[in-house]
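Working notes, beginning with the structure itself.
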Amino acid sequence: MADISCDFLGIKSPNPFWLASAPPTDKKVNVMRAFEAGWGGVVWKTLGSQVKNVSSRYSAINFNGQRVAGFNNIELISDRPLDINLREIEEVVREFPDRAMIISLMADNTREAWHEMVKRCEQTGAHGFELNFGCPHGMTERGMGAAVGQDPEIAGMIVEWVMEVATLPVITKLTPNVHSVVPTGRAAVNAGTNALSLINTIQSVTGIDLDTFVPNPNVGGQSVFGGYCGPAVKPIALKMLTTISKDPVTSQVPISGIGGVSTWQDAVEFMLLGSTSVQVCTAAMKYGFRIVEDLCEGLNNWMDEKGFEKITDFVGKSVPTMTEWEKLDLNFHIVANINQDKCIHCGLCHIACEDTSHQAIFKGDGMPYNTYTINEPECVGCNLCKLVCPVDNCITMEEKRVAPDYLNWVQFQEQGLPLNDH
């Protein structure tokens, strides 16, 4: 069987699945239960100056029959006394020395505050730190969280402060509430951070109660922007992860991937785009800690099927396939093909193509049902018909190159070739 153990900055865990800094990692009873279920590590909920949380705290987006397709929270960092958190961390490390224990940190923006926090937390026996530069609500008004992650200069300065005293590996967690995560990522790496993690939650409003007119979650008739996470944010997380994996500065350090990981397939996608470990929150809150069994089994079986012996065999394997639009092959062309034996004659492909795309599907009126075929000269290979088709592999895309040679947009312009004649 494949070896799914993880080595992240020398921090070893039996698998790459860590619980992210969030309510599931807020106290000993949760974390002990998680480790008993099989999680490889946790990032303890952010410690800092004690805060007061509100009620209610969560809201969600449901989509197409799926509950919690997107999750929103306005909860702040740990509201439990620091001494209690530190004592419980030490007890958990003693009980499960083979699991990764990372402490998420957020201190007042002074060198002294960060130094004191790091020194106190190192006494717990934890294995590393994650600097929370991403919390998008509550803490930003205090000049912390995303307010730090949105300013590369401040982020770099705080990383320098931490690295002055830290003897444990340091991970810097990036906010997605920026035009690009790369500038802050570079600043953190240049300041000495040992690794990066991303993404934190995205500022959001998930919806409005149409009876009270108050956005969710409702706190006494008012609401605020919350942090959005869950399956809905995965495409954004993968995009931002890729930019970090491709950048010559930020790609020098390991990455812990976060953002909508719910299945082993999700985790593999994050690893293929450069993350060594993956962090999970919303899926655990929805399904419970036992989902880690499916995550481990699925990853193990997939690695066996593909012939990978350890996770480092495929970490980053997909990064080279991501390029710029100008480098894509203009002579590569595909057309749709409808398998008439699988077609259920619903007409969704024709409606989508006829109304909103390229009018490349013929409809043949008939009894007892209509038939649909591809008008190949008009098919641009956009994939829309395949995406809306409710039957797996009924519509496939077949390669039919325009020309044998590779030709990108830059070369096309240099050669003065004509554009499409419409």
Side-chain angles (χ1 to χ4, degrees), residues 60-72 176 202 204-207 228-242 259-270 272-273 282-283 286-287 294 298 302 318 321-325 328-402 409 419-420 422:
I61 289 288
N62 303 326
F63 179 74
N64 199 28
Q66 179 181 347
R67 305 285 290 182
V68 195
F71 187 76
N72 176 75
I202 305 169
S204 66
V205 176
T206 50
Y228 196 49
C229 53
V233 310
K234 187 183 109 177
I236 300 168
L238 290 177
K239 180 268 178 183
M240 292 186 169
L241 168 63
T242 304
V261 176
S262 302
T263 67
W264 68 264
Q265 293 96 329
D266 297 332
V268 168
E269 291 174 11
F270 272 82
L272 287 170
L273 286 175
T282 306
K286 180 178 179 181
Y287 299 112
D294 292 335
W302 179 82
S318 294
T321 68
M322 293 294 292
T323 186
E324 291 78 41
W325 190 94
L328 295 175
D329 186 359
L330 294 173
N331 282 336
F332 178 81
H333 184 63
I334 56 176
V335 297
N337 179 66
I338 301 174
N339 186 327
Q340 299 300 327
D341 292 333
K342 292 186 175 183
C343 181
I344 61 174
H345 315 286
C346 65
L348 290 176
C349 61
H350 176 262
I351 293 169
C353 187
E354 191 70 17
D355 285 356
T356 69
S357 197
H358 295 87
Q359 299 77 50
I361 298 180
F362 292 125
K363 181 182 77 169
D365 296 329
M367 292 292 292
Y369 46 72
N370 299 330
T371 57
Y372 303 93
T373 55
I374 303 299
N375 179 6
E376 286 197 12
E378 297 298 323
C379 180
V380 301
C382 69
N383 288 334
L384 179 60
C385 58
K386 178 182 177 181
L387 295 173
V388 302
C389 179
V391 180
D392 289 342
N393 298 318
C394 175
I395 299 180
T396 55
M397 309 303 293
E398 300 180 355
E399 182 177 347
K400 295 191 176 181
R401 293 186 64 85
V402 176
W409 174 244
L419 295 171
N420 296 346
H422 290 285

Looking only at non-hydrogen atoms, find the nearest pair between [X] and [Y] and report the distance.
| X | Y | answer |
| --- | --- | --- |
| Ile395 | Cys385 | CD1-O, 3.5 Å |
| Ala283 | Val261 | CB-O, 3.7 Å |
| Ala336 | Cys379 | N-SG, 3.4 Å |
| Ser204 | Tyr228 | OG-CB, 3.3 Å |
| Asn393 | Thr396 | O-CG2, 3.9 Å |
| Leu241 | Phe270 | CD2-O, 3.4 Å |

How long is the span from the [atom1] atom in [X] to the [atom2] atom in [Y], to the nearest 0.5 Å?
| X | Y | atom1 | atom2 | answer |
| --- | --- | --- | --- | --- |
| Tyr372 | Leu348 | OH | CG | 8.5 Å |
| Cys353 | Phe362 | SG | CZ | 10.5 Å |
| Ile361 | Thr371 | CD1 | OG1 | 12.0 Å |
| Asn375 | His358 | CG | NE2 | 12.5 Å |
| Thr206 | Ile61 | OG1 | CD1 | 5.5 Å |

Item checked: Summary of side chain to side chain donor-acceptor pair (under 3.5 Å) pairs that have at least one residue in residues 338-357, sequence neighbours excluded -> none
Heavy atoms, side chains only, cut-off 4.5 Å: are [X] and [Y] in contact?
| X | Y | value |
| --- | --- | --- |
| Ile374 | Asn337 | no |
| Val68 | Thr282 | yes |
| Arg401 | Asp329 | yes |
| Thr323 | Leu328 | yes |
| Cys389 | Cys349 | no |
| Asn383 | Ile334 | yes |
| Ser262 | Lys286 | no |
| Leu330 | Trp409 | yes |

Item checked: Pairs flagged by salt bridge (Lys or Arg N to Asp or Glu O under 4.0 Å) wherever residues 359-375 is involved - sequence neighbours left out -> Lys363-Asp365
Checklist line | Residue pairs involving residues 370-392 (criterion salt bridge (Lys or Arg N to Asp or Glu O under 4.0 Å); sequence neighbours excluded) | finding: Glu376-Lys400
Check: Can you tell me if CZ on Phe63 sees more than 12 non-hydrogen neighbours from other groups inside 6.0 Å?
Finding: no
